[in-house]
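Notes follow the structure.
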Amino acid sequence: MANSKRDLFQKRRLRVRNKLKKMSNGRPRLSVHRSNKNISVQIIDDLNGVTLASASSLEGKLGVVGKNNCDAAAKIGTEIAARAKKAGVEEVVFDRGGFLFHGKVKALADAAREGGLKF
């Protein structure tokens, strides 16, 4: 039975999310979304259902509008780390969604760790 790419992505995404729920211990979730043109990230408190901080390549002041490369991901990673500190968040769990931890997602994670987030 052939599965479509979308079906496989959804299975991978749910598998990652279920593992995170088991090990989160009340920590907020750093959720990454990557499209063909942009990349965005949110820090979400699942207990209260609230977004604590977010950053995206669609924001004009970051200077990476419409770019979706490793440099843009690194800038967004440093920005989300700064916004998380401002919101009082130091530890998170990293939710890569269905995306592989490689390239842009890895660049974002490394920059967020350098900015002071622990995961």
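Because the structure is predicted, anything quoted here is derived from the model rather than measured.
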Q) Does the pair V92 and I43 meet the rule for a side-chain contact (heavy atoms from CB on, under 4.5 Å), with working shown? A) CA-CA 8 Å; V92 296; I43 297 179; 4.3 Å; yes

Q: Flag yes if I39 and F9 sit in one hydrophobic cluster, no otherwise; membership is Ile, Leu, Val, Met, Phe, Trp, Tyr, and two members link when side-chain heavy atoms are under 4.5 Å apart.
A: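 Shared cluster, yes.
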
Less than 3.5 Å apart, which donor and acceptor atoms pair up between the side chains of residues 25-35 and the rest of the protein, not counting sequence neighbours?
from	atom 1	to	atom 2	distance (Å)
R27	NE	S24	O	3.2
R27	NH2	M23	O	3.3
R29	NE	D46	OD2	2.9
R29	NH1	D95	OD2	3.0
R29	NH2	D46	OD1	3.0
S35	OG	K37	N	3.4
S35	OG	N38	N	3.1
S35	OG	N38	O	3.2

Q.
What verdict does the side-chain contact (heavy atoms from CB on, under 4.5 Å) test give for K75 and L62, after you've listed the backbone C-alpha separation in whole Å, the side-chain angles of each residue and the deciding distance to 0.1 Å?
A. CA-CA 7 Å; K75 283 186 181 180; L62 294 179; 5.7 Å; no

Q | Short side-chain to backbone donor-acceptor contact, S56 and E59, under 3.5 Å | A |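 Pair absent, no side-chain N/O of S56 close to backbone of E59.
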
(Q) Please check: side-chain N/O of N48 versus main-chain N/O of V50, any donor-acceptor pairing under 3.5 Å? (A)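 No, the answer is negative, given that no donor and acceptor are paired below the 3.5 Å cut-off.
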
Q.
Tell me every residue that passes side-chain contact (heavy atoms from CB on, under 4.5 Å) with E114, counting only those two or more places apart in sequence or in another chain.
A.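 Checked E114 against side-chain contact (heavy atoms from CB on, under 4.5 Å); zero matches.
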
Q. When the ring planes of F94 and F101 are compared, do they come out parallel, tilted or perpendicular, using 30° and 60° as the limits?
A.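 Perpendicular: the ring planes of F94 and F101 meet at over 60°.
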
Q. Can you tell if the side chain of F119 reaches within under 4.5 Å of the side chain of R113, non-hydrogen atoms only?
A.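 Contact flag for F119/R113 side chains = yes.
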
Q) For the residue pair A81 and A112, what are the closest heavy atoms and their distance? A)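 Answer, listing the atom of A81 first, then A112: CB-O, 3.7 Å.
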
Q: Could you go through the side-chain contact (heavy atoms from CB on, under 4.5 Å) check for D110 and K106 one step at a time?
A: CA-CA 6 Å; D110 291 341; K106 185 177 187 299; 3.2 Å; yes

Q) Does atom CD of E90 have more than 12 heavy-atom neighbours, drawn from other residues, nucleotides or ligands, at distances under 6.0 Å? A)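 At most 12 heavy atoms, drawn from other residues, nucleotides or ligands, come within 6.0 Å of this atom.
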
